[in-house]
Number of protein chains: 2
Amino acid sequence: MPTTTQDSSIAALLRDDILRGQYRCGERLPSERDLALRFGVHRSTVREAFKRLEQLGVARIAPGGARVAPLEEASLDIVEHLLALDDAPDPEIVDQVLEALSGFRAMAARLGTERADAAQRARLLEIVDAMSRSGLGNEEYAELVLELSDRFVEASGNMVLRLMGHALRPQRAHTRLGYGLFSDPPGRAEVDAALEQLARAIEAADGTRASEAIYGLSRLFRQSLRERSSAAEARATRPNRTALAGGRA
Amino acid sequence: MPTTTQDSSIAALLRDDILRGQYRCGERLPSERDLALRFGVHRSTVREAFKRLEQLGVARIAPGGARVAPLEEASLDIVEHLLALDDAPDPEIVDQVLEALSGFRAMAARLGTERADAAQRARLLEIVDAMSRSGLGNEEYAELVLELSDRFVEASGNMVLRLMGHALRPQRAHTRLGYGLFSDPPGRAEVDAALEQLARAIEAADGTRASEAIYGLSRLFRQSLRERSSAAEARATRPNRTALAGGRA
DNA sequence: CGTGCCACCATGGTCCGACCAGATCACCCC
DNA sequence: GGGGTGATCTGGTCGGACCATGGTGGCACG
């Protein structure tokens with residue numbers, strides 16, 4: 001039972017404030033004493049929260065005041081928090097994460113395909129086969145995609161990939177909406193073709209082809225997601241702006 | 001002048017101990033009071049160090065004792081510390097990092113190539129052209145590769161890629177040894193071919209081809225590095241084992 | 001009036017000592 | 001021997017304190 005401590009709650013609050021863009025980069029955060037007063041905790045508790053923020057790379061603590069760090073210095077770990085910020089994260093962030101995820105999975109597919117042993121290869125083919133079947137729901141597809149990705153990473157035997165996958169692991173529904181095209185007639189043909197290509201690539205241990213197949217699949221997903229979310233956005237409130245806004249000049 | 005604080009020094013010490021594999025996963029770390037005594041600091045200072053470790057994902061703090069976290073839960077940020085651990089990091093780690101770096105750069109090349117504007121494209125071609133010239137030293141090549149990578153990331157406009165690049169940024173010489181093949185006759189032809197392919201891909205905004213070219217280049221580098229380092233290792237002491245050892249079963 | 005210097009104050013870094021609740025573990029009783 | 005139980009240990013939090021440093025305003029001097 002992960003009983004959250006006060007320092008981690010405070011760290012999460014401040015982190016989200018920063019990620020939401022409520023403090024400009026370089027701006028001073030409230031002093032430790034102020035925050036201790038505001039949150040009704042002891043200063044040392046606030047300090048511990050600050051240390052977390054510094055380790056996360058979103059703040060820089062120095063005598064004279066803690067300041068918001070430039071976003072480029074942040075840890076990849078902020079991604080999951082960016083996605084979890086609100087019910088409707090900035091679609092641009094979601095898209096950038098999905099894009100990175102596509103590339104990451106393509107990378108994993110390449111290495112995994114080249115290095116998988118017989119058992120791993122069989123398991124990979126099983127999953128691809130399951131994805132080819134029709135009649136699965138969004139959640140089921142999402143599960144399959146996740147497992148496929150994990151198996152590729154596992155087969156690659158690369159710990160760095162594993163860590164990257166951990167940071168990018170989609171935990172929110174926002175990133176899983178696109179899988180509907182699996183059952184939609186329009187995209188179905190393309191998906192099937194890509195899956196077929198992927199299966200052959202796995203059998204032939206052809207990393208490059210597997211990589212392309214995965215990337216193609218991911219692109220289809222992202223496209224589908226963009227269409228769906230832009231439609232959804234049209235009848236919703238404005239998305240929240242975050243510190244990432246404008247990142248893609 | 002980043003005057004390092006005691007808590008960060010202690011955090012670094014403990015982190016390196018953990019990364020070096022001196023504590024088994026799940027094993028209890030010494031208590032805060034013990035460490036405070038050992039380091040001659042107050043317990044609250046040790047606590048701040050612990051918070052950093054927890055945020056880094058290498059330790060899990062809970063009543064009853066802080067324990068070493070499973071490696072999969074760690075942040076990507078540990079990679080740079082793994083490489084900085086000793087003068088001669090485990091070659092397997094270096095190889096895994098380079099492998100991930102290859103994939104990352106291929107990803108950045110794909111997205112960057114597809115989305116670069118005219119000025120960015122011109123700059124990319126400039127760098128590729130500079131890499132084609134002979135007579136450059138290892139350091140110069142490393143610089144060019146780094147800048148090329150950065151420009152691709154910049155052109156991609158993807159903040160997640162930027163964060164990944166930051167975590168994987170090679171800061172140590174170990175990851176730069178392979179560039180010698182740029183001037184070596186045996187590899188030179190292959191390198192030139194790949195560079196030529198890359199240039200054409202950039203001109204044509206062909207992400208897939210650019211990605212393949214970069215991946216091919218990176219593979220040549222890694223190969224070269226492996227040969228060099230295995231030769232060097234033969235006449236050196238055993239490499240240090242770290243927590244990553246055995247990651248590639 | 002402008003400028004430069006200095007004292008003052010706020011801030012982070014560290015320390016001291018204390019209390020609480022939950023986890024651990026050894027011991028004892030059954 | 002097994003299970004309960006209390007001493008003990010651990011982290012979580014608190015209150016207060018001191019120091020060095022950096023920021024800032026005011027005061028004196030030009």
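Every chain is numbered from 1 and lettered A, B, ... according to where its sequence line falls, protein lines coming before strand lines. This is a predicted model, so every value here is computed, not measured.
Across all strands, B/R60 comes closer than 4.0 Å to no nucleic acid atom at all (heavy-atom distances).
Among the nucleotides D/dG12, D/dG16, C/dG17, the one closest to any side-chain atom of A/H42 is D/dG16. Checked against C/dA18, D/dT10, C/dG12, the side chain of B/S31 finds its nearest nucleotide in D/dT10. Comparing atom distances between the A/T45 side chain and each of D/dG11, D/dC14, D/dT10 picks out D/dC14 as nearest. Candidate nucleotides C/dG17, D/dG11, D/dG22 were compared by shortest atom distance to the side chain of A/P63, and D/dG22 ranks first. With C/dT24, D/dG12, D/dT10 as the choices, the nucleotide that has an atom nearest any side-chain atom of B/D34 turns out to be D/dT10. Of the candidates D/dG16, C/dT14, D/dG11, the closest approach to any side-chain atom of B/F50 belongs to D/dG11.
A donor N or O paired with an acceptor N or O is not found under 3.5 Å between the base of D/dG16 and the side-chain atoms of A/R43. Judged by atom type and distance alone, A/R33 reaches the base of C/dG12 through a side-chain donor-acceptor pair under 3.5 Å.
Side chain of A/S218 to backbone of A/I214: a donor-acceptor contact under 3.5 angstrom is found.
The distance between atom CG of A/D7 and atom P of D/dG11, rounded to the nearest whole Å, is 14 Å. Atom CG of B/L35 and atom C1' of D/dT10 are 12 Å apart (whole Å). For A/L53 and C/dG12, the CG to C1' distance is 15 Å, given to the nearest whole Å. Going from atom CZ of A/R47 over to atom C1' of C/dG13 covers 5 Å, rounded to whole Å. If you measure from atom CZ of B/R28 to atom C1' of C/dC25, you get 10 Å, rounded to the nearest angstrom. The nearest whole Å value for the distance from the CD1 atom in B/I61 to the C1' atom in C/dA23 is 16 Å. Taking atom CD of residue A/E32 and atom P of nucleotide C/dG13, one finds them 6 Å apart after rounding to whole Å. One atom, CG of A/L37, and another, P of D/dG15, lie 11 Å apart when rounded to the nearest Å.
Atom CG of B/L35 and atom CZ of B/F50 lie 5.0 Å apart (nearest 0.5 Å).
Contact check, B/S44 against C/dC16: no side-chain N or O comes under 4.0 Å of OP1 or OP2. In this model, the phosphate group of D/dG12 is approached by a side-chain N or O of B/K51 to a distance below 4.0 Å at OP1 or OP2.
Between A/Q6 and A/R67, the residue whose closest nucleotide on DNA chain D is further toward the 5' end is A/Q6.
Ion pairing of A/E48 with A/K51 is absent here, as no side-chain N (NZ or NE/NH1/NH2) approaches a carboxylate O to less than 4.0 Å. Contact check on A/R67 versus A/E27 returns no salt bridge, with no Lys/Arg side-chain nitrogen under 4.0 Å from an Asp/Glu carboxylate oxygen.
Side-chain polar atoms of B/T45 and B/D7 form no donor-acceptor pair below 3.5 angstrom.
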